[in-house]
Amino acid sequence: MKEQAVQAEIGLIGLGVMGANLTLNIAEKGFPIAVYNRTWETTEKFIANAGPLASRIIACRSMADLAEAIHPPRPVIIMVKAGDAVDEQISGLCKVLKPDDIIIDAGNANYHDTVRRDAALAGTGIAFIGMGVSGGEEGARHGPSIMVGGLEQSYHRVEKVLTAIAAKYKKQPCCAWMGTDGAGHFVKTMHNGIEYADMQMIAEIYGLMRDGLGMKAPEMAKVFARWNEGKLNSYLIEITAKVLATVDGKTKKPLVDVIVDRAGQKGTGKWSVIEAQHLGIPATTLEAAVAARVLSSMKDERSRAEKIFGASRRKLTPKSRGAFLKQLESALYAGKIAAYAQGFAVMEQASAEKGWNLPLGTIASIWREGCIIRSQFLDLITSSFKKSRGKGNLLMAGDFAAMMKANQAALRRTVADAALNGAPVPALSAALSYFDSYRRARGTANLIQGQRDFFGAHTFERIGEPGSHRGAWIS
Ligand code: 6PG
């Protein structure tokens, strides 16, 4: 161990899929790295499979060995399951690290935990970074999008490694400092909320094609592949085409057709909408996407309900299938605009309330590559922020207002078609209702105010008169 003691520039704990790939990425970029995993067999296996990169990886049997193997001041990345395991690793590290060292939690932490951990470490002299990493296995290995929270000077101390391993969009690293303490994990949480919305809306469109038009998976794969060449160009559309085109080795059927329609979730989507609610920002499309996953998991209950109510799978019979598919493409685009408007509005509010000063334009720019929601669309958001926007809803930005105007009719027709045919499109219809509510100068809350005042003397504002008023309601 001694001879290796000054070799590593950085350390990493947790050689699961993400940690292992991140390690290989770091080593490949020329940074010697020390690694530690709870089970030594995993470490051994990892080193055995690391190929020539193994020469830049120092395998450690304990946290003490890990600390010794890194050149001080030591940055150590923790890549373990979010929750208690992170606290355990932090308390272990605190015993072997020294002031000025940096602990970096790169898992999908709840940002409240990050704020707590940051505060707890503040007195120790050990710096803390809460870092959102997006891009899955492939991203971790070849370039993720990285959202960093913590003190700015702590970020600058690890910036070289992080920007080297991050994805690049036109040579620009998709890595940036988001703000203090929980800012990085908060932004990652919102990324995931938007990811849920994107995925759900795609699934709803797939449902209309499959159940409404009776299209088969290979046909749909072609449509999504074509859409990926146009305005919907994105990683999620690209992989949707691939998922639909894949054949099951066992049954020779499209693989998607043999997968149970029950979606998993690890919590980040849910956190994004909880935070939206706390901040008082409507994120209805994101909420609908989270709720749809929950409903998907209630498979047995849904099956029982279908027996009572019927399957609601009436066919859609458009005059022209080509024109209808174009309508679906535009509907998805309009839904996307609403979902991103909601996600960015939540971040803007969080930025103000938590004093983070989140760089919204930079966030859009580092989501253009590496992360799961990467898309051409995010380049448009980046340009929009660059041109004019500092604040305000994305729907109000000139270019986005124009795009919404051009695509909203398709969203409206699609939601109407779906409703008439009994096909659920919760996220798309939430997007449409959000848009319709947002652009309506006189809504219906006057009646709600009347009801509140009637039963609870909550008072209301009168049009053109200052102050609060009570109504002389008839009984
Ligand atoms: C990413 C992803 C990733 C997330 C998976 C699974 O940005 O790389 O968001 O962090 O863990 O997408 O999330 P769910 O299990 O909640 O779908």
Side-chain angles (χ1 to χ4, degrees), residues 14 16-22 25 77-83 85-86 104-111 113-114 130-149 162 165-167 169 174-176 178 182 184-203 234-240 242-243 259-276 283 285-297 339-340 343 346-347 363-375 377-378 427:
V17 174
M18 292 297 283
N21 281 296
L22 215 53
N25 187 356
I77 297 173
I78 301 176
M79 194 49 126
V80 299
K81 195 167 178 278
V86 177
I104 304 167
D105 175 16
N108 266 339
N110 186 315
Y111 94 94
D113 286 336
T114 307
M131 184 168 98
V133 177
S134 177
E137 194 178 339
E138 192 59 19
R141 178 65 185 86
H142 297 293
S145 172
I146 302 177
M147 297 143 255
V148 183
L162 297 182
I165 63 165
Y169 181 85
C174 291
C175 170
M178 302 284 102
H185 278 138
F186 183 88
V187 172
K188 175 70 200 326
T189 296
M190 293 316 301
H191 166 283
N192 282 29
I194 296 171
E195 172 186 306
Y196 273 49
D198 263 339
M199 292 168 75
Q200 175 62 25
M201 290 189 291
I202 294 171
S234 61
Y235 173 71
L236 283 171
I237 293 287
E238 179 193 331
I239 65 159
T240 300
K242 291 180 179 165
V243 168
I259 298 179
V260 177
D261 58 328
R262 201 164 24 206
Q265 54 174 321
K266 295 197 197 72
T268 43
K270 183 173 76 180
W271 297 340
S272 75
V273 302
I274 290 172
E275 293 312 322
T285 310
L286 280 58
E287 285 168 17
V290 175
R293 285 210 193 180
V294 177
L295 209 52
S296 84
S297 70
Y340 281 69
V346 175
M347 287 193 284
I363 292 170
S365 77
I366 64 165
W367 285 353
R368 289 180 298 185
E369 260 310 329
C371 68
I372 302 295
I373 64 171
R374 61 186 182 259
S375 66
F377 184 72
L378 275 157

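Both ligands and their constituent atoms are indexed starting at 1 by order of listing. Only heavy atoms go into these numbers, but all of them, side chains included; no hydrogens, no water, no symmetry mates.
The line from CE of M178 to NZ of K188 is 13.0 Å long, rounded to the nearest 0.5 Å. Between the CG atom of D198 and the CD atom of Q200 there is a distance of 11.0 Å, given to the nearest 0.5 Å.
Proximity of G136 to ligand 1 is established by a heavy-atom distance of less than 4.0 Å. At least one heavy atom of R293 sits closer than 4.0 Å to an atom of ligand 1.
Ranking the protein heavy atoms by distance from atom 16 (O) of ligand 1 puts Y196 OH, 2.4 Å first. Residue, atom and distance of the protein heavy atom nearest to atom 7 (O) of ligand 1 are S134 OG, 2.4 Å. Ranking protein heavy atoms by distance to atom 13 (O) of ligand 1, first place goes to K266 NZ, 4.2 Å. Scanning the protein heavy atoms around atom 2 (C) of ligand 1, the nearest turns out to be E195 OE1, 3.4 Å.
Using a 4.5 Å heavy-atom threshold, the side chains of M147 and W367 count as touching. Side-chain contact between M190 and L286 is present, with heavy atoms from C-beta onward closer than 4.5 Å. In this structure, the side chains of M131 and L162 come closer than 4.5 Å at one or more pairs of heavy atoms.
Of all the atoms in ligand 1, the ones that sit under 4.0 Å from a non-hydrogen atom of H191 are 7 (O). Those atoms of ligand 1 with a heavy atom of G135 less than 4.0 angstrom away are 1 (C), 7 (O), 8 (O). Close approach of ligand 1 to I372 (heavy-atom distance below 4.0 Å) involves ligand atoms 1 (C), 2 (C), 7 (O), 8 (O). For ligand 1, the atoms sitting less than 4.0 Å from at least one non-hydrogen atom of N108 are 3 (C), 4 (C), 10 (O), 11 (O), numbered in the order shown with element in parentheses. Residue-ligand proximity, N192 to ligand 1, at heavy-atom distances under 4.0 Å covers atoms 4 (C), 7 (O), 9 (O), 10 (O).
Using modelled atom types, no side-chain atom of N25 and backbone atom of N21 make a donor-acceptor pair closer than 3.5 Å. Counting only distance, with no hydrogens or angles, the side chain of H185 and the backbone of N108 share no donor-acceptor pair below 3.5 Å.
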N/O donor to acceptor pairs below 3.5 angstrom from side-chain atoms of residues 132-143, sequence neighbours left out:
unit_1: S134; atom_1: OG; unit_2: H191; atom_2: NE2; d: 3.3
unit_1: S134; atom_1: OG; unit_2: I372; atom_2: N; d: 3.2
unit_1: R141; atom_1: NH1; unit_2: E28; atom_2: OE1; d: 3.3
unit_1: R141; atom_1: NH2; unit_2: E28; atom_2: OE2; d: 3.1

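Taking only nitrogen or oxygen atoms, main chain and side chain alike, Q265 does not reach within less than 3.5 Å of ligand 1.
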